[in-house]
2 protein chains.
Amino acid sequence: MSDMPIFLQIRDDLAEKIRRQHFKGGSRLPAERVLAEQYKVSRMTLRQAIALLVNQGKLIRKPGSGTYVSDQEKEVSENLKGITSFTQIMQSQGKKAQSKFIVFKRHLPSAIEASNLEIDRNEEVITIERVRYGDEEPIAFEITTIPVSLVGNINRSQMAHGLYEYLEDRGFHFGKAVQEISAVVPNEIVCKRLNLTLGQAALFLRQTSYLTDDKPFEFVKTYYAGDRYRFYLEKH
Amino acid sequence: MSDMPIFLQIRDDLAEKIRRQHFKGGSRLPAERVLAEQYKVSRMTLRQAIALLVNQGKLIRKPGSGTYVSDQEKEVSENLKGITSFTQIMQSQGKKAQSKFIVFKRHLPSAIEASNLEIDRNEEVITIERVRYGDEEPIAFEITTIPVSLVGNINRSQMAHGLYEYLEDRGFHFGKAVQEISAVVPNEIVCKRLNLTLGQAALFLRQTSYLTDDKPFEFVKTYYAGDRYRFYLEKH
DNA sequence: TAGTGGTCTAGACCACTAT
DNA sequence: TAGTGGTCTAGACCACTAT
């Protein structure tokens, strides 16, 4: 792996130390100048590594104060178990769930995709874009990205038939999934897919799903038509 | 605006030139070294500006070849990245939580309030509107409605001090809470409370909270500034 | 006041693309 | 072969935080 850029190697090392609690949640990281010296790189290079982890939400920068390991544990556990799946909701409403493939392509990942899938930018991925319908009405526009290394030469129809089944057949087991929900006013392309008027709101969900060994296997972005879909949660 | 970092000024200038088609979709941008010289900055600084536009999906880098203005039509998934990148930074962490009361009133419930609280329309309720801040910045606008029969003559300061504590002190115990999340483009009043520009998106949450005897005790509507708040979920 | 992250410089070498 | 973006260096000064 010594052909990986140094800043990626440092990122991985830092991520590993956070995962192993060598750097604990909420604690302050050693100063950039200190880390740079430890890794024997310039401060700019060290900052590249940190920037990636900041983007992932694993680190938080506080100018003048320091860089902190984010305490994600709290927010997550605080709430929201039992989010309901798309098909479940459609079924509960007596609607027929369907989905239509728009795009199926193999390509090099964007920086964001690579970072969320924890792969190198020259490692190929497959991206599937599809629209999900409830009773013929577009409800969600979904963009899924998966490393080729995981699914190999999966084709369109295998994918349509169910990614999860495909992976389970190959002996992979699913672990956790991390989701983030926000609200956006989507751009023209997304509006078109969802039959939305420009200016309407959409729920935007980003999800990274992991295998039992904590390796990410898919990164999904989904836009839900704001007026046709809602998440139902129950807290106990 | 000369106190804005140079790389942000350059980003804005480049974005403007793309918008005005001075740099046309699909065309190649001048080389980084050329642009750096034009803007009279180092190449690293120029690259910071470009990196932001790449993250937004407005530019695409092709190593060895050049940097291109993305052709929005084609590259759907590429474009979608940009919507997230900014918001990600706004994480609700390490920020000081505050809240400010806007309204505290006793009144007869609306049909929706009565139905959610499972009370009669002539049974009085108390409504509290407040804005919640994270580090001085408005994050959420919350409208809570409670039956008077439950809290009696609770006053503003008792309410501010914590509704839940107040109820627990009186021997009530909390059960489940049911939530529903959707996306909306909020009206003028809500925008004002949250310092939003009209047309921006907000997460809209409706929650009904129950006591252990399954009697509803509060009905809450909350608007979260779409660009300042996200829900994090973890599924297992 | 000492330490921190934010920004910026003026270079350098690399692998890759395009010709 | 010339040009390109990718990476990296070894500094510098700044505003801000924490004490």
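Just so you know, these numbers use all the heavy atoms, side chains as well, and skip hydrogens, waters and symmetry mates. Order of the sequence lines sets the chain letters (A, B, ...), proteins ahead of strands, with each chain counted from 1. Being a predicted model, the structure only gives us computed values, none of them experimental.
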Exercise. Please determine, by modelled atom types, if A:Ser209 and A:Gln207 share a side-chain donor-acceptor pair under 3.5 angstrom.
Key: yes
Practice problem: Take the protein atom OH of B:Tyr68 and the nucleotide atom P of D:dG5, then report the distance between them rounded to whole Å. | Solution: 8 Å
Quiz item: According to a strict under-4.0 Å criterion, is B:Ser42 in side-chain N/O contact with OP1 or OP2 of C:dT9?
Solution: yes
Quiz item: Ignoring hydrogens and angles, are the base of C:dG6 and the side chain of A:Arg43 linked by a donor-acceptor pair under 3.5 Å?
Solution: yes
Self-check item: Residue B:Ile6, side-chain atoms from C-beta onward, closest of C:dG5, C:dC8, D:dG5
Solution: C:dC8
Quiz item: Side chains of A:Ser149 and A:Glu123: do they bring a donor and an acceptor to under 3.5 Å?
Solution: yes
Quiz item: What's the CD-C1' distance between A:Glu37 and D:dA10, to the nearest Å?
Solution: 13 Å
Quiz item: Between C:dT9, C:dG6, C:dT7, which nucleotide gets closest to the side-chain atoms of B:Phe7?
Solution: C:dT7
Self-check item: Nearest listed nucleotide, side chain of B:Arg47, among D:dG5, C:dT7, D:dT9
Solution: D:dG5
Quiz item: Distance check: side-chain N/O of A:Ser65 vs OP1/OP2 of D:dA18, anything under 4.0 Å?
Solution: yes
Quiz item: OP1 or OP2 of D:dT9 less than 4.0 angstrom from a side-chain nitrogen or oxygen of A:Thr45, does that happen here?
Solution: yes
Quiz item: Could you state the NZ-P distance from A:Lys62 to C:dG6, rounded to the nearest angstrom?
Solution: 13 Å
Quiz item: Does any N or O donor sit under 3.5 Å from an N or O acceptor when you compare the side chain of A:Arg33 with the base of C:dG5?
Solution: yes
Quiz item: DNA chain D: B:Leu29 or A:Pro63, which has the more 5' nearest nucleotide?
Solution: B:Leu29
Practice problem: Please report, rounded to the nearest Å, how far the C1' atom of D:dG6 is from the CG atom of B:Leu46. | Solution: 14 Å
Exercise. Starting at atom CD of B:Glu32, determine the distance to atom C1' of D:dG3, rounded to an integer number of angstrom.
Key: 12 Å
Quiz item: So, are A:Lys221 and A:Glu142 salt-bridged, with charged N and O less than 4.0 Å apart?
Solution: no
Quiz prompt | Nearest listed nucleotide, side chain of A:Pro5, among D:dG5, D:dC8, C:dC8 | solution = D:dC8
Quiz item: Taking 4.0 angstrom as the limit, do A:Lys58 and A:Glu16 come out as a salt bridge?
Solution: no
Quiz item: For the side chain of A:Gln48, counting heavy atoms from C-beta on, which of D:dT9, C:dT4, D:dT7 is nearest?
Solution: D:dT7
Self-check item: Watson-Crick or G-U counterpart of D:dA15, or none if no pair lies under 3.5 Å
Solution: C:dT4
Exercise. Would you mind reading off the distance between A:Asn122 atom CG and C:dC16 atom P, rounded to a whole angstrom?
Key: 9 Å
Exercise. Answer yes or no: does a side-chain N or O of A:Arg61 lie under 4.0 Å from OP1 or OP2 of C:dT4?
Key: no
Quiz prompt | Residue from A:Arg11, A:Lys17, A:Gln9 passing side-chain contact (heavy atoms from CB on, under 4.5 Å) with A:Asp13 | solution = A:Lys17
Practice problem: Measure the distance from CD1 on B:Ile50 to C1' on D:dG6 and round it to the nearest whole Å. | Solution: 12 Å
Quiz prompt | A:Arg28 CZ - D:dT17 C1' separation (whole Å) | solution = 10 Å
Quiz prompt | Pair partner, C:dA10 [Watson-Crick or wobble, under 3.5 Å] | solution = D:dT9
Quiz item: What is the ring orientation for A:Phe204 with A:Tyr223, classed by angle as parallel under 30°, tilted 30 to 60°, or perpendicular over 60°?
Solution: tilted
